[in-house]
Amino acid sequence: MESLPPIAIVALLAPLFPALAFVVLGFSMLVYRHPPERVVVRIVSGAFSLSVISLLSVAVYFVTHDDRPIAIDLGAWFAVEDYHFAADILIDRLSVPMMVLTAVICGVIGRFSGTYLVGEPGHARFYLLVSLFACGMFLLVMAGSLDLLIAGWELVGTSSMLLIAFFHDRNFPVRNALRAFVVYRACDIGLLTGAVLMHHTLGSSVFVEAFGLDRWPASAVNVSTSGATLLALCMLWAAAGKSALFPLGSWLPRAMEGPTPSSAVFYGALSVHAGAYLLLRMSPLLDYAPIARAVIVLAGVATAVHGRLVERVQSDVKSQLAYATTTQVGVIFVEIGLGFPRLALLHLISHAVVRTLQMLRAPNTIQDMAQLSEAFTALRSETELAHTSALGRYMYHLSLERFHLDTFWERMVAHPLVGLSRWLDRGEEALMARIVGGAEPSAAEVLPSEPAARDLAHGARRP
Amino acid sequence: MRQAPIIGFLALFIVPALHAELLPWVRGEKRARILALSGAVASWLIVAALTGLYWGRDDDTTLVVAHLPIAGPHALHFVVDALNAPLMLLAASLTTALVLGGPLGRFSRGNLRALLWLTALFLLSLATADLVVLSVSWALSIMPTYVLTMDSVTGGADRRQVRRAFQLYQGFGLVCFLVACGLLGYWTQPSGFVDMSLLHLDAGAVPVAARPWIFWLLSVAALVHMGITPFHSWLPLTFQRGALLPVALLVSMRGGLYVLARLALPAFPEVGHDAMPMLVAIALISALYGAVLGLGQNNLRRLLAYWVVSQSGIMLTGFVFGDEHAVSGTLLYWLGFAMATIGLSLVLAALEARAGTVEIQQLGGLVRRMPNLCACFFLFGLATIAIPGTVAFAAEDMLVHGALEAHPGLTLVMIVAMVLNAVSVVRAFTVGFLGEARPLSRVQRGSLVDLLPRERVALVSLLIALIVAGIWPAPIISAQTPAARAIAFMEQLGRAPQ
């Protein structure tokens, strides 16, 4: 590997600082179990501050140097024959704003949580997971190859799941974490398949090799329409999980069970936009995939309409904010599908900033406005309902039930799968009882009191 | 080819076997455990020395061999190459972890003795390049597991069921294996068992009509050993009602896959090619079947068994696709999943010894009482679902990449199985270890203690190995590359026009 240019080293420091904070904090938690809160805050906030400084330096360098993409080849993480896992970094018009956004929001959250979570059990665990998230998010936005992006994507998903289950002594957050993880994992199928398809259709998973070194979003891609469509649809499937698109987004309001700062950083600002970022990164490809663009627009419209309707009937601030987020994310997807990537990026950044502020203020709003807001909403709803059409009343009730998405997934996927699993297992037991002797399992043995389907799909209360 | 001192190979077998036979003479259970641990560590050091000899070579030799003359021209052959070197290291490491971290109640002196014998026979079957020795050591390696399995079952009905299942399935696999080896020896050495070296095996002497029979006999033996559907049913029963740790060791080593790589495929590459569609179908069914059954499980032992069934299917899929990337991924997966399985087994054994159950519906809220145990379960679980930073991430990346290149449609089934496995891992963790403690459980009464120092050492060592190999997998991959290339080449050879 050739020696790295100084700008590459500075850029690399950004994910390295949170990673170091994660390792130091993890080790100290192993040794001391409960490290002093002040030390924890200083370690993580210090790491985030250093990341902000390094990324601002990168941004200044990038802007003052003709804003041409800078591709940094860090070599292969591992390699077999002609395949290698490309650990490349890309600094361009897309990644620089996202890097700065990530660094600033992580820094703000680190600072805010220092006060907000004082004395909270699991204080150090929160910072540990936020460090892991920041490391993953930096990898995701700086990745110069889809392979490295996947690594960051998985770290973001894992830390997200653990932060939803932050209050792990209660059942609901834990189940909601499982639910979010199921959606993430199901949608990872698209990302994994897309990574290999990209090798096939574009010859490489390194972005500058696939899309060229033109300034984002312009590029000349040598790809067939069918290949581009298939790849774009895979990416959309992956993005749909992370960005809570319709009809996969019912996990998002449930994810608000975690601490408010993590809700802000994950579901207001960064993680929920990771799907949009993925499509923006692949946007040069969309010019060759009109069908995929149409599907993206449809998914965006459905998400925005669903989010807006459901948001209007929510009675708590965090759920309202969650659905307001999906509404805006839907609009961002529409912009991407219609071929306005710059507008989508601008929308993404501004939405992330505003939503973070709203999320962080949510506890105050609850305290100050809860009674007034509830009374006002109830009064308005009754008044409006009396004068609305049958369709309007139907939509109102449908929105109250969040379009029955939970029930749909529960009945169509979770219950059949778990039922099949149980049925096959009973068959296994009966077969072995027949072959080797012994009693067949009793109903109590095979049908536990708390079905697995409930863990996977249902039973979590609304936040 | 580089010569190695024969004493090193003999010590592989003799040292653990000798320690096993010394155990009955030692007074006190604590001393017995220390003696067993010294035997395991000594085995590990011998393996490290032999594998170091292979990896430390400064020339292009593909293997390190030793010959033991027995009478006249007769000799036994031993070998260290890219295929068995990591596996020998793995076997010795896992045994050490089991002896160190296994609950005291589960490992009486007799159990430790059987475990050391199992290790001795494992190492012998991995190191030998001789058909007769391989057959005998494979056959005998079933016995210690059988003894261990019987020793740990609690109830009479359970004991009978597990015994019959183990006898039936393993006996069937063993008969298939021995018949195949016998036929192979009969046709390749018509003048008698003069030189049964696998290095000089010439399967061209086997009649064409007999080749598929021998290949499939070996394959069935391998499938039974790995717990692949439809030969898997002994595994959930034995995991749930038998002794967890020795059975976990037996299946973690994936001896069946080793037999396919060492014997069946090199001997009959063209039959292997013809059999590929059937093997792929079996492997994918197993991957999906195990994953689906894992989703609804509430017993963690049984759940682990279905993960093994599914992961064995995934490994076999990658192995038979014949793409070098996929085979490399499979070999890495082999190591990673073996360590994770043993880690999870140790955690479950520790949990059962404390809570008296591994039914997740009776657990919950464990993390407050046993944070280290829960963390270990979660991290070993993550290691099986390819989270970056664990060895499975690199393995799965290569495996999926290679498999998708070869058969995109079929590989989607494999990916779905991986996703379902991940869901059942996280479900087991969230429902069984987090949340509220169930009423009247021992968890709620707070009578549980966290991992003991020796358990922590064993588990953390395995975790460190998994994470270090995950962050820096390149050396392991390059060490296994010659084996992956050879396997892929043999499979390609089978595809060439005859």
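Keep in mind it's a predicted model, so treat the numbers as computed, not measured. In the text below, chain A, chain B and the rest are named by the order of the sequence lines, each starting its count at 1.
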State whether a side-chain donor-acceptor pair under 3.5 Å links A:Y184 with A:S160.
-> yes
When only pairs under 4.5 Å are counted, which of B:L168, B:D397, B:L237 shares the most heavy-atom pairs with chain A?
-> B:D397
Honestly, the part of A:D188 sitting under 4.5 Å from a heavy atom of chain B is neither
One option among B:V419, B:N299, B:V416 has the most heavy-atom pairs under 4.5 Å with chain A, and it is B:V419
Proximal component of A:T193, with respect to chain B [non-hydrogen, under 4.5 Å] | both
Decide whether a cation-pi geometry holds between B:R302 and B:F239; the criteria are a distance under 6.0 Å from NZ or CZ to the six-membered ring centre and an angle within 45° of the ring axis.
-> no
Do B:N298 and B:E359 have side-chain N/O donor and acceptor atoms under 3.5 Å apart?
-> no
Can you say whether A:A195 sits under 4.5 Å from chain B via the side chain, the backbone, both, or neither, judging by heavy atoms?
-> neither
Given B:W472, B:Y289, B:W234, the one with more heavy-atom pairs under 4.5 angstrom with chain A than any other is B:Y289
What part of B:I476 gets closer than 4.5 Å to chain A, counting heavy atoms only: side chain, backbone, both or neither?
-> neither
Most heavy-atom pairs under 4.5 Å with chain A, out of B:H401, B:Q167, B:M398, belong to B:H401
Flag side-chain contact, heavy atom, 4.5 Å: A:R175 against B:T430 | no
In terms of side-chain geometry, is the basic nitrogen of A:E429 or B:R241 positioned less than 4.0 Å from the acidic oxygen of its partner?
-> yes
Heavy-atom proximity to chain B below 4.5 Å, by part of A:L162 = side chain
Are B:Y306 and A:D425 linked by a side-chain donor-acceptor pair shorter than 3.5 Å?
-> yes
Segment of A:L192 engaging chain B (4.5 angstrom heavy-atom cut-off) = both
Greatest number of non-hydrogen atom pairs under 4.5 angstrom with chain A, of B:A474, B:S233, B:G329, B:A165, falls to B:S233
Can you tell which part of B:V292 gets under 4.5 Å to a heavy atom of chain A, answering side chain, backbone, both or neither?
-> both
With a 4.5 angstrom heavy-atom cut-off, could you sort out which part of A:I435 is near chain B: side chain, backbone, both or neither?
-> side chain
Side chain / backbone / both / neither for A:W77 at chain B, heavy atoms under 4.5 Å | both
Classify the side-chain pair A:D88/A:S145 by whether it contains a donor and acceptor separated by less than 3.5 Å.
-> no
Verdict with reasoning, B:F433 to A:H168, per ring pair (Phe, Tyr, Trp, His ring centres under 6.0 Å) | CA-CA 9 Å; B:F433 291 77; A:H168 55 67; over 10 Å; no
Given A:W423 and A:E428, is the side-chain contact (heavy atoms from CB on, under 4.5 Å) satisfied, shown in steps?
-> CA-CA 9 Å; A:W423 181 73; A:E428 282 282 333; over 6 Å; no
Pick from B:V460, B:I471, B:V400 with the largest number of heavy-atom pairs that fall under 4.5 Å of chain A | B:I471
B:R427 vs B:I360, side-chain contact (heavy atoms from CB on, under 4.5 Å): CA-CA, chis, key distance, verdict | CA-CA 10 Å; B:R427 175 181 165 260; B:I360 57 176; 3.6 Å; yes
